[in-house]
Amino acid sequence: MGIKKKERSRNLAAGRPPTLQRPKSISRKATKALINSHHILGKRKAQALAKGNHAEVAAINAEISALGGLERYQQASLQGQRIDRGGDSSRVLMEWLNPVQSMLKDLPNGPLRMLEVGALSTTNQCSKSGVFAMHRIDLNSQGEGILQQDFMERPLPKDDSERIDIISLSLVLNFVPDAHVRGRMLQRTLEFLKEPNRHANPELNEFFPSLFLVLPAPCVTNSRYMDETRLEAIMVALGYVKVKSKMTQRLVYYLWAKKTAACDTAFAKTQVRTGTARNNFSIVLRV
Ligand SMILES: C[S@@+](CC[C@H](N)C(=O)[O-])C[C@H]1O[C@@H](n2cnc3c(N)ncnc32)[C@H](O)[C@@H]1O
């Protein structure tokens, strides 16, 4: 009996598609180091590209490949989503949406549409909740249910049926190496979201249409060019209002509701803090 059981589970595992296999576990320290190395190489590559230095770009690409490429980076990121390492970030979003979850299950025009940019899994909390029609994209799809697509190249919605109720940018903006592209990415979210105040229920209008944004906490707590005040000023200029926020030692989470049209305010890379042990995370907005 026992032998049969063992065989059955081995067979199941053997038949599992490779994309659904758990990545080999690496230590927290090694995960962090690998992710940091990728971010540094990404930044250097963006600088080399801006200078038109093709030899340097090729050298950096080789370094990225030697680290296992985007694939290995994504595996390291998935490690960070493990329950014992804090769980996936959409858990926080679903907690925030608790007061309206029952309403979301029974909407007259069907489920709200969620676009998850930088999706690594189809089984995180927002997917499992069953309250959203999920649309997942990533530069490098990890498998079925995730479309391989660059958000910056995603075709714009033709009509309201293609517009989105909530976009998730969880640990994506910090992955983008260029501050101008980060700004454009935030501006671009507006082009995909539905118009505000479309629901009969005011509680739903409070939460949607919206952007769920997650960043490593040091992007706002320890950057020379970014703090909470500046991030909020940028988001308000885009027409967003902060509905929820939460900071842990590692991450900062926000839910921003789209409320008004964006205004013509530009944000340059301006120093907001001094000090040597700081990072250079910034977002530049051009109008
Ligand atoms: C650190 S992982 C974040 C994964 C997951 N969202 C999380 O919260 O753990 C960043 C992911 O964003 C993806 N990404 C970065 N820029 C993107 C873009 N322009 N369009 C689509 N995906 C993008 C990368 O390919 C990578 O898989």
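Remember, it's a predicted structure, so these values are computed and weren't measured experimentally. Reckoned from all heavy atoms, side chains included, excluding hydrogens, waters and symmetry mates. Counting convention: from 1, in listed order, for ligands and their atoms alike.
- One side chain, Gln75 or Arg72, offers a donor N or O that lies under 3.5 Å from an acceptor on the other.
- Shown in contact with Gln74 at under 4.0 Å from a heavy atom are these atoms of ligand 1, numbered in order with element: 25 (O), 27 (O).
- When the heavy atoms of Leu139, Leu169, Asn140, Leu147 are ranked by distance to atom 16 (N) of ligand 1, first place goes to Leu139.
- In summary, the side chains of Ser168 and Ser170 do not present any donor paired with an acceptor at a separation below 3.5 Å, with no hydrogens or angles considered.
- For the residue pair Ser127 / Asn124, a side-chain donor-acceptor distance below 3.5 Å is found, with atom types taken as modelled.
- Here Asp227 does not pair with Arg230 in a salt bridge; the nearest charged N to carboxylate O distance is not below 4.0 Å.
- Remark: side-chain polar atoms of Arg182 are paired, donor with acceptor, to backbone N or O of Val176 under 3.5 angstrom.
- No donor-acceptor contact under 3.5 angstrom links the side chains of Tyr254 and Glu232, judged on distance only.
- Near Leu120, meaning under 4.0 Å from any of its heavy atoms, are these atoms of ligand 1: 4 (C), 27 (O).
- For ligand 1, the atoms sitting less than 4.0 Å from at least one non-hydrogen atom of Gly118 are 4 (C), 5 (C), 6 (N), 11 (C), 12 (O), 13 (C), 22 (N), numbered in the order shown with element in parentheses.
- Listed by number with element, the atoms of ligand 1 under 4.0 Å from a non-hydrogen atom of Met185 are 18 (C), 19 (N).
- Comparing heavy-atom distances from atom 13 (C) of ligand 1 across Asn124, Asp138, Leu70 singles out Asp138 as nearest.
- Judged purely by atom type and a 3.5 angstrom limit, Gln74 uses its side chain to pair as donor or acceptor with the backbone of Asn140.
- Formation of a donor-acceptor pair under 3.5 Å by the Asn174 side chain with backbone atoms of Leu215 is not found in this model.
- Ligand 1 lies nowhere less than 4.0 angstrom from a heavy atom belonging to Val214.
- Against a heavy-atom cut-off of under 4.0 Å, Gln149 is close to the following atoms of ligand 1: 20 (N), 21 (C).
- Using a 4.0 Å cut-off to heavy atoms of Phe151, the atoms of ligand 1 that qualify are 18 (C), 19 (N), 20 (N), 21 (C).
- Considering backbone and side-chain N/O atoms, Ser170 comes within less than 3.5 Å of an N/O atom of ligand 1.
- For ligand 1, the atoms closer than 4.0 angstrom to any heavy atom of Asp150 are 18 (C), 19 (N), 20 (N).
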